[in-house]
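Step one of this worksheet: look at the structure below.
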Amino acid sequence: MVKAPKNIAVIGATGSIGTQTLEIIDSHPELYRVTVMAAGSKVDKLIELARHHRPSLAVIADVTKYNALRDALEPLGIETAAGEHALCDAVCRDDVDMVVTATVGYSGLAPTIAAIKSGKDIALANKETLVVAGKYITSLLEKSNSQIYPVDSEHSAIYQCLEGEKRENVKKLIITASGGPFRTWTADRIAKATASDALRHPNWSMGAKITIDSATMMNKAFEIIEAKWLFGFEADEIEAVVHPQSIVHSMVEFNDGAIKAQLGLPDMKLPIAYALGEGKRLKGAEKPLSITDFATLTFERPDAGRFPCLSLAHEALTRGGNSACVINAANEIAVAEFLAGNIGFNDIYKIIEKTLSEITFIENPDYQDFVTTNNEARVFASSLC
Ligand code: NDP
Ligand code: MG
């Protein structure tokens, strides 16, 4: 019997991960069909993509853009909706089998929770969801049929390395980091870095927010937190190493001394396809790696002196509660202000540190506590800019 294509909701369809996901779906109509597409505010791009991919429903988070979406798509028989609630309703529809969370920042939390509660599988790109509320999300998953498949390349690599292995044989997870554009820069030079310097990532082409997070190494701190909640390891069992070539996507070390790694070109197509396929390999998902072109692969310890954001992972995990939610909110504000040219590069860390020391600690936050913490931390961080 021929299996029907899997119905996919792409939340953040207009972004870097979203458009690459749509390209994979487009090349494999026998496997996948887009039924829901959602974006933040770029309504023209969403309309263009919806005209091509013909989902059943298109959603725009920014309600002021709704009329343009409706007028363009309803004549084509595509349903339209707007707002955060519409996003949450969209992922729960009967014609959705898997949700790709490719939205950026805190905005991923509510739709991911809705998807888990309605038992949908998730291809998780939006790491901020696990940073903000990892413990809460883990407890929801225990009560749901929903499965999370990592899209982040490091976590996809770890997931691939853990296949067929017993948890008790694993000693540690080794997450690789490119080191970002300032890996070789002196502290004085980093202090004067501009947004255009920070946006020049040496290996990966990604959205602006994650590119700045890579430059501060906050992205690696977030990935340590993400790995804890995805794979159930403690902070001292997860190590970050700098690997400037971005060929080894991450590693797992075992108790017998063996280390397994997954290698590939810096291309998100493979991890996205692996998540869409729930761990099944898609032939030709990315360009093959010619290993002799990368005869030298190097590894070095990260420098927490020049990149203090990295240490925030262990601080957040040691404190627990709503700490990582505060860090995420302050980081989102600081990154936006840095991109707008309003603050310096090193102010990003200072704003996060100050916000973390000011916002009330909540040991066992529920969903409403995350909403309140996120709002308070944003207001406080903005007041510092
Ligand atoms: P982009 O900035 O390229 O895209 C973000 C997407 O989210 C856009 O479609 C945007 O819509 C949408 N969006 C923004 N705000 C909202 C909102 N309030 N509600 C709904 N949708 C919203 O980001 P990336 O694709 O780079 O990153 C997406 C996620 O994937 C992030 O969490 C990132 O950390 C993670 N990730 C990304 C990687 C990459 O290679 N890019 C690698 C690993 C992880 P609009 O265009 O309308 O603004
Ligand atoms: Mg990553």
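In this text the structure is predicted, and so the values were computed from the model without any measurement. Values below: all heavy atoms of this structure, side chains included; hydrogens, waters and symmetry mates excluded. Indexing begins at 1, ligand by ligand and atom by atom, following the structure's order.
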For [X], which part has a heavy atom under 4.0 Å from ligand 1: side chain, backbone, both, or neither?
X: S107; value: side chain
X: L46; value: neither
X: A102; value: backbone
X: K45; value: neither
X: M268; value: side chain
X: S153; value: neither

(message) Tell me whether R167 is salt-bridged to E237, with the criterion being a basic N under 4.0 Å from an acidic carboxylate O.
(response) yes
(request) Heavy-atom contacts with T14 under 4.0 Å: which atoms of ligand 1 show up? List them by number with element. (result) 8 (C), 9 (O), 10 (C), 11 (O), 45 (P), 46 (O), 47 (O)
(message) Under a 4.0 angstrom heavy-atom cut-off, which atoms of ligand 1 come close to S41?
(response) 45 (P), 47 (O), 48 (O)
(request) Verify whether one side chain among T35 and N7 offers a donor that lies under 3.5 Å from an acceptor in the other. (result) no
(request) Answer with yes or no whether the side chains of D188 and T186 bring together a donor and an acceptor at under 3.5 Å. (result) no
(request) Provide the atom name of the closest N, O or S atom of E223 relative to the Mg ion (ligand 2). (result) OE2
